[in-house]
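So the structure is just underneath, and the comments pick up after that.
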2 protein chains.
Amino acid sequence: MSEPSDTKPFIQQRNLVDQVADYLTQAIIQRRYVPGERLSEVSLAGDLGISRAPVREAARLLESRGLLVSRPRRGFFVRALEARELGDIFDLRLALERHAIEHLVKHYDTEVEKRLSRQVERMCEIADSGADEGARIEEDLRFHRLMFEATGNHRLLRAFEDLSHELRLCIALIGKTHEAPDSIAGSHWWLLEALKSGDARSCRKAIDYHIGVARDYVIQGVHEAQVR
Amino acid sequence: MSEPSDTKPFIQQRNLVDQVADYLTQAIIQRRYVPGERLSEVSLAGDLGISRAPVREAARLLESRGLLVSRPRRGFFVRALEARELGDIFDLRLALERHAIEHLVKHYDTEVEKRLSRQVERMCEIADSGADEGARIEEDLRFHRLMFEATGNHRLLRAFEDLSHELRLCIALIGKTHEAPDSIAGSHWWLLEALKSGDARSCRKAIDYHIGVARDYVIQGVHEAQVR
DNA sequence: CGATTGCCGACTGTCGACAGTTTTTCTTCT
DNA sequence: AGAAGAAAAACTGTCGACAGTCGGCAATCG
């Protein structure tokens with residue numbers, strides 16, 4: 001019996017490293033750790049009731065995702081994003097999203113459009129139901145993830161997922177909701193409209209506007225959070 | 001002051017993790033490990049005269065760079081690139097390079113142009129001197145790295161550097177030089193010409209052609225290497 | 001003779017410990 | 001009292017060890 005090439009991840013017993021990584025990620029984006037704060041391996045391992053080895057590996061993982069930074073012989077610190085880096089992040093995001101939507105409009109697929117459409121509906125429902133911002137952000141990222149998935153370029157998708165972690169960090173810096181109820185959810189219809197139009201120029205305009213709004217929202221939010 | 005001739009046989013002084021990472025990277029791109037080959041932590045640690053802990057951390061680092069893949073409870077394996085992934089990698093590279101050159105032509109800087117120009121001269125010299133392919137590839141990547149550096153977007157630069165490791169892996173898959181002496185080095189003049197012209201459309205055309213040539217070179221090279 | 005099951009070696013995941021370094025605290029001198 | 005310096009505490013980098021797990025091999029069963 002040959003192994004199925006798919007190799008689905010059954011109910012794989014989660015190793016400690018992944019669990020710690022998830023725990024830390026949640027703790028960081030829930031602002032239970034202040035940006036710049038030092039993470040003590042020993043105390044963290046002690047709190048979780050495990051040894052330092054898995055903690056160190058998880059920290060390395062988060063470092064590669066941009067959530068932590070390490071200084072030799074000093075340990076790990078929660079990444080503190082400078083205002084300038086916010087622009088960099090969204091500029092890279094723009095490059096990736098432009099590429100993705102350009103691909104999608106060139107290889108138009110009605111099935112893809114349907115999937116994206118369903119996701120926007122879901123986002124609007126969630127916005128109406130008054131879910132917390134975290135859930136709405138996740139659904140928002142999910143929409144864009146679907147776009148990258150639809151390009152069929154796994155490496156491009158990975159680049160976006162790497163960036164996603166930092167996007168969540170940006171959101172975490174802002175803190176509580178400012179405004180933007182379901183208008184953000186609804187704004188994704190514009191992207192779909194541009195896609196359906198089949199016009200590359202419209203798509204580029206739409207995505208530039210979309211990401212620009214998101215960037216301004218985050219940058220202003222962080223600015224206000226710093227003044228506070 | 002420590003003893004000059006220490007008992008440690010191999011590496012010392014710097015971070016063991018970084019040293020192991022460099023060692024492994026070199027070993028992989030020099031094809032001392034076959035793609036798909038399993039890396040034994042114990043034997044590797046034994047060969048280097050160190051314990052498994054730094055080896056594991058280095059392996060995790062290379063995994064985040066796409067040089068290794070890990071399977072739970074099975075260990076680390078040298079990444080075996082599928083033909084399809086080659087296309088994905090160069091497609092992502094195209095997205096990044098388009099964005100970079102678009103930025104450079106929009107914010108034209110004579111100092112940047114001078115630096116890039118010097119680098120191309122250096123590449124041509126090295127090509128004439130008949131250096132090995134590894135050195136030429138590095139200088140090639142260095143040119144593009146300079147481009148990304150010049151954008152001032154650190155995150156974009158990091159995305160390119162992440163991709164660079166995989167690009168080196170692609171080159172490693174090909175093996176020995178096929179052709180392409182200094183023509184590759186010289187082809188970068190076209191990019192500079194487009195930049196100097198100040199025309200965004202010319203730049204895009206130039207970078208599309210440039211990356212397209214590189215992609216075809218790698219894809220065909222890998223194809224031939226597989227037939228062999 | 002082919003398929004199944006139990007055993008064996010090898011390896012990873014995790015742990016506790018030690019040494020060197022960094023940070024903090026406490027002392028001492030001006 | 002404040003600053004410089006020394007001792008102490010805390011922490012990271014690294015190590016060796018142990019237990020659970022995986023793949024392969026052989027004995028067993030149909």
Side-chain angles (χ1 to χ4, degrees), chain A residues 1-24 27 33-34 36-64 67-80, chain B residues 1-24 27 33-34 36-64 67-80:
Chain A
M1 197 79 81
S2 71
E3 221 178 339
S5 58
D6 203 9
T7 56
K8 278 189 178 179
F10 317 91
I11 303 293
Q12 60 179 18
Q13 48 181 12
R14 299 168 37 73
N15 48 4
L16 286 184
V17 176
D18 289 340
Q19 293 184 58
V20 175
D22 287 349
Y23 170 84
L24 276 180
Y33 289 114
V34 181
E37 184 176 347
R38 178 181 192 166
L39 285 193
S40 165
E41 295 177 8
V42 278
S43 61
L44 185 54
D47 291 346
L48 299 177
I50 58 179
S51 78
R52 283 174 45 217
V55 172
R56 280 179 65 89
E57 292 196 22
R60 287 260 163 181
L61 187 62
L62 293 218
E63 184 188 13
S64 77
L67 294 187
L68 297 178
V69 294
S70 76
R71 297 168 60 183
R73 287 273 170 198
R74 295 265 194 98
F76 294 90
F77 300 78
V78 178
R79 171 121 177 250
Chain B
M1 273 310 209
S2 63
E3 310 275 336
S5 57
D6 213 341
T7 55
K8 297 299 175 186
F10 261 70
I11 40 194
Q12 46 186 283
Q13 193 175 3
R14 250 177 54 208
N15 228 355
L16 281 186
V17 175
D18 290 339
Q19 295 182 62
V20 175
D22 286 349
Y23 171 84
L24 275 180
Y33 289 114
V34 181
E37 183 175 347
R38 179 180 190 168
L39 286 193
S40 166
E41 295 177 9
V42 278
S43 61
L44 185 54
D47 291 345
L48 299 177
I50 58 179
S51 79
R52 280 174 48 216
V55 172
R56 280 178 66 89
E57 292 197 22
R60 273 247 144 77
L61 186 62
L62 293 217
E63 183 187 14
S64 77
L67 295 186
L68 297 178
V69 293
S70 76
R71 296 171 57 185
R73 288 276 170 197
R74 295 294 318 280
F76 294 90
F77 300 79
V78 178
R79 170 118 178 254

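Naming convention: chains lettered A, B, ... in sequence-line order (proteins, then strands); numbering from 1 in each chain.
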Between [N] atom [atom2] and [X] atom [atom1], what is the distance in whole Å?
{"X": "A:E63", "N": "D:dT12", "atom1": "CD", "atom2": "P", "result": "14 Å"}
{"X": "A:L16", "N": "C:dT14", "atom1": "CG", "atom2": "C1'", "result": "7 Å"}
{"X": "A:R60", "N": "D:dG13", "atom1": "CZ", "atom2": "P", "result": "7 Å"}
{"X": "B:R73", "N": "D:dG20", "atom1": "CZ", "atom2": "P", "result": "10 Å"}
{"X": "A:R71", "N": "C:dT23", "atom1": "CZ", "atom2": "P", "result": "7 Å"}
{"X": "A:R38", "N": "D:dT12", "atom1": "CZ", "atom2": "P", "result": "5 Å"}
{"X": "B:R52", "N": "C:dT14", "atom1": "CZ", "atom2": "P", "result": "11 Å"}
{"X": "B:E41", "N": "C:dG13", "atom1": "CD", "atom2": "C1'", "result": "9 Å"}

Exercise: identify the closest heavy-atom pair between [X] and [Y]:
{"X": "A:R71", "Y": "A:F77", "value": "CD-CE1, 3.8 Å"}
{"X": "A:G36", "Y": "A:A80", "value": "N-CB, 4.1 Å"}
{"X": "B:V17", "Y": "B:A58", "value": "O-CB, 3.6 Å"}

- Choose from C:dC15, C:dC11, D:dC11 the nucleotide whose nearest atom is closest to any side-chain atom of B:S40. C:dC11
- With the side chain defined as heavy atoms from C-beta on, B:P54 is closest, among C:dC15, D:dC15, C:dT22, to D:dC15
- Estimated bend of the helix from C:dC1-D:dG30 to C:dT30-D:dA1 (axis per five terminal pairs, rounded to 10 degrees): 20°
- Query: With the threshold set at 4.0 Å, does a side-chain nitrogen-carboxylate oxygen contact exist between B:E63 and B:R60?
  - Reply: yes
- Counting N and O atoms only, with roles assigned by atom type, does the side chain of B:R74 sit under 3.5 Å from a partner on the main chain of B:R38, one being a donor and the other an acceptor? no
- Note on the structure: The answer to which of B:R74 and A:G75 contacts DNA chain D further toward the 5' end, by nearest nucleotide, is A:G75
- Base, sugar-phosphate alone, or nothing: which one does B:L44 contact when heavy atoms must sit under 4.0 Å apart? nothing
- Message: Quick one, A:L24 with A:L44, criterion side chain to side chain contact (heavy atoms under 4.5 Å, CB included). Give me CA distance, side-chain angles, the key distance, then yes/no.
- Response: CA-CA 10 Å; A:L24 276 180; A:L44 185 54; 3.8 Å; yes
- Assert: residue with more 5' nearest nucleotide on DNA chain C, out of A:S51 and A:P72, is A:S51
- Show your reasoning for whether side chain to side chain contact (heavy atoms under 4.5 Å, CB included) applies to A:V78 and A:L67. CA-CA 6 Å; A:V78 178; A:L67 294 187; over 6 Å; no
